[in-house]
A.B. asks: 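Following this message is one structure expressed as structure tokens.
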Number of protein chains: 2
Amino acid sequence: MTTIYLAEDQEMLNTALATLLGLEDDLEVIGTATDGQTALSEIISKKPEIAILDIEMPKLSGLDVAEQIKLLDPPTKVIILTTFARATYFEQAVKTNVNGYLLKDNPTDQLVKTIHEVLDGQTIFSPELVTTILSAEKNPLTKRELDVLKEIKLGKNSKEIAKSVFLSDGTVRNYISSILSKTGASSRIEALNIAEKNKWI
Amino acid sequence: MTTIYLAEDQEMLNTALATLLGLEDDLEVIGTATDGQTALSEIISKKPEIAILDIEMPKLSGLDVAEQIKLLDPPTKVIILTTFARATYFEQAVKTNVNGYLLKDNPTDQLVKTIHEVLDGQTIFSPELVTTILSAEKNPLTKRELDVLKEIKLGKNSKEIAKSVFLSDGTVRNYISSILSKTGASSRIEALNIAEKNKWI
DNA sequence: GTATTGATATGACATTTGTCATATTGTTAA
DNA sequence: TTAACAATATGACAAATGTCATATCAATAC
């Protein structure tokens, strides 16, 4: 019997998957959570063989939970289960050495299959995910430009951004100018839209 | 045996729910779709007793599907199943006379229960939904202000907005000024953030 | 039957935003 | 080891943004 822990913040999917996986005759769901903090502490104490983690959860993201698990090194194998084919998520997951990364855009069969493959020692990434990542526009922005863009997203003006990131007002405006020319946008909002569409932030 | 049609664009939830509902001994899932258009035509031809519809789906939203169903008047009862406690969605659903409105923030039991209650002739709305709607900030913006705000969201500048909504540049700027003062924001982006948080757009 | 509000407009003004030229320093790839 | 690039800065300028006062007209609420 393979023990499974499931962390997914959307109740409907959480309960549906818990029931379905429980129906498989070699799998046993030994716990579920709807937030990352609960998930992490329960995974540490219960040491399931497999942890299935959503990324966007309250308190602690699935990626943070995965990182902690891998640091503390319990025997648990991690499968990330998410809606998002976001490059940064994917990269972080790879860095954390997760055992699988599956998109919710797959039927439940695929999840069951992935669980078995991961148990088998394989590392599994959704093929659509890889395609999406490869076909996405490469992010042309530097780290500092991204910092500034994230501040823009909060609705701050140049002076406020300057304070937050410890730069002069003029430098911030230069960065924004550079962001606009690199993205081809002609205003902050347009730049935000482009960056979000391409999943740079 | 009650016949059910399920429209949900996220494969994982779609397949999970289809399997789970199929396990109930009085329910039979006679079809599923991952987009609104397919759902509508199949519901019309198959005439299920219950249609469970997600709102945000490709091609046609669940609310549009519900409206069409109610206009054509097949015997099908409609349950909206969505993540979003958005006031506009809710209002539209009420106007369309759907038979149930359930949030995905509920366990699957609740969905099964709702199906039975709806079959029983009741009209069911998620209690959390009603709470959320009632506690949400009331939208202080006028129709035209909302039109302008939607244009802002696209990243347009005042002149472009003026062209799109057939107003003078100055009027657009007045509207924006009014939006800012009503929302307490001090820039377009901040106003957008506030409006989105409160689900006004 | 008057007061309020929404939709629309203008002009004037201060502030913010975005552009450009130019400069220094440190890191990195060829 | 030089060229390119990232990070940072300044000053000057044009354009866009936001504010305010003021006005008209229609609809609506009291």
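It should be emphasised that the depicted structure is a prediction, and the values quoted were computed from it without experimental measurement. Letters A, B, ... mirror the listed sequences (proteins, then strands); counts begin at 1.
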A.B. asks: Only pairs at least two apart or in different chains count here, so list each salt bridge (Lys or Arg N to Asp or Glu O under 4.0 Å) that has a residue in residues 5-24 of chain B.
C.D. replies: B:Glu8-B:Lys104
A.B. asks: Please work out which of the three classes, parallel, tilted or perpendicular, describes the rings of B:Tyr101 and B:Phe125, given edges at 30° and 60°.
C.D. replies: tilted
A.B. asks: Check each residue of residues 183-197 of chain A for a non-hydrogen atom within less than 4.0 Å of any atom in DNA chain C, then write out the ones that pass by number, or none.
C.D. replies: A:Ser187, A:Arg188
A.B. asks: Are A:Asn157 and A:Glu160 close enough that some pair of their side-chain heavy atoms sits under 4.5 Å apart?
C.D. replies: yes
A.B. asks: Does a salt bridge link B:Glu67 with B:Lys95, judged by any charged N lying under 4.0 Å from a carboxylate O?
C.D. replies: no
A.B. asks: Using side-chain heavy atoms (C-beta onward) and a distance below 4.5 Å, is A:Ile30 in contact with A:Met1?
C.D. replies: no
A.B. asks: Got a list of protein N/O to nucleotides 25-30 of chain D N/O distances below 3.5 Å?
C.D. replies:
none

A.B. asks: To the nearest angstrom, how far is A:Leu180 atom CG from D:dA15 atom C1'?
C.D. replies: 14 Å
A.B. asks: Heavy atoms under 4.0 Å is the rule here; annotate nucleotides 6-14 of chain C 5' to 3' with B where the base is hit, S where only the sugar-phosphate is, and - elsewhere.
C.D. replies: SSBBB-B--
A.B. asks: Any sub-3.5 Å donor-acceptor pair from B:Lys182's side-chain atoms to B:Pro140's backbone N or O?
C.D. replies: yes
A.B. asks: Do B:Ser158 and B:Arg188 get their side chains close enough for a donor-acceptor pair, meaning under 3.5 Å?
C.D. replies: yes
A.B. asks: Rounded to whole angstrom units, what separation is found between the CD1 atom of B:Ile179 and the P atom of D:dT19?
C.D. replies: 11 Å
A.B. asks: Check this one for me: any side-chain N or O of A:Ser158 less than 4.0 Å away from OP1 or OP2 of C:dT16?
C.D. replies: no
A.B. asks: Would you please say whether a donor-acceptor pair under 3.5 Å links the side chains of B:Asp35 and B:Thr38?
C.D. replies: yes
A.B. asks: We want to know whether B:Ser178 and B:Ser181 form a side-chain donor-acceptor pair, criterion being a heavy-atom distance below 3.5 angstrom.
C.D. replies: no
A.B. asks: With the threshold set at 4.0 Å, does a side-chain nitrogen-carboxylate oxygen contact exist between A:Arg173 and A:Asp169?
C.D. replies: yes
A.B. asks: I need the CD1-P distance between A:Ile176 and C:dG18, as an integer number of Å.
C.D. replies: 6 Å
A.B. asks: Taking atom CG of A:Leu103 and atom OG of A:Ser126, what is their separation to the nearest 0.5 Å?
C.D. replies: 4.0 Å
A.B. asks: CG of A:Asn157 versus P of D:dG18: gap in Å, rounded?
C.D. replies: 11 Å
A.B. asks: Would you tabulate the nitrogen or oxygen pairs shorter than 3.5 Å linking the protein to nucleotides 27-30 of chain C?
C.D. replies:
none

A.B. asks: Check the pair B:Asp147, B:Lys143 against salt bridge (charged side-chain N to carboxylate O under 4.0 Å, His left out), reporting the backbone distance first and the verdict last.
C.D. replies: CA-CA 6 Å; B:Asp147 290 345; B:Lys143 171 150 188 331; 3.2 Å; yes
A.B. asks: Under the side chain to side chain donor-acceptor pair (under 3.5 Å) rule, collect the residues that match up with B:Asp26, sequence neighbours excluded.
C.D. replies: B:His116
A.B. asks: Tell me the interatomic distance from A:Lys159, atom NZ, to C:dT15, atom P, rounded to whole angstroms.
C.D. replies: 9 Å
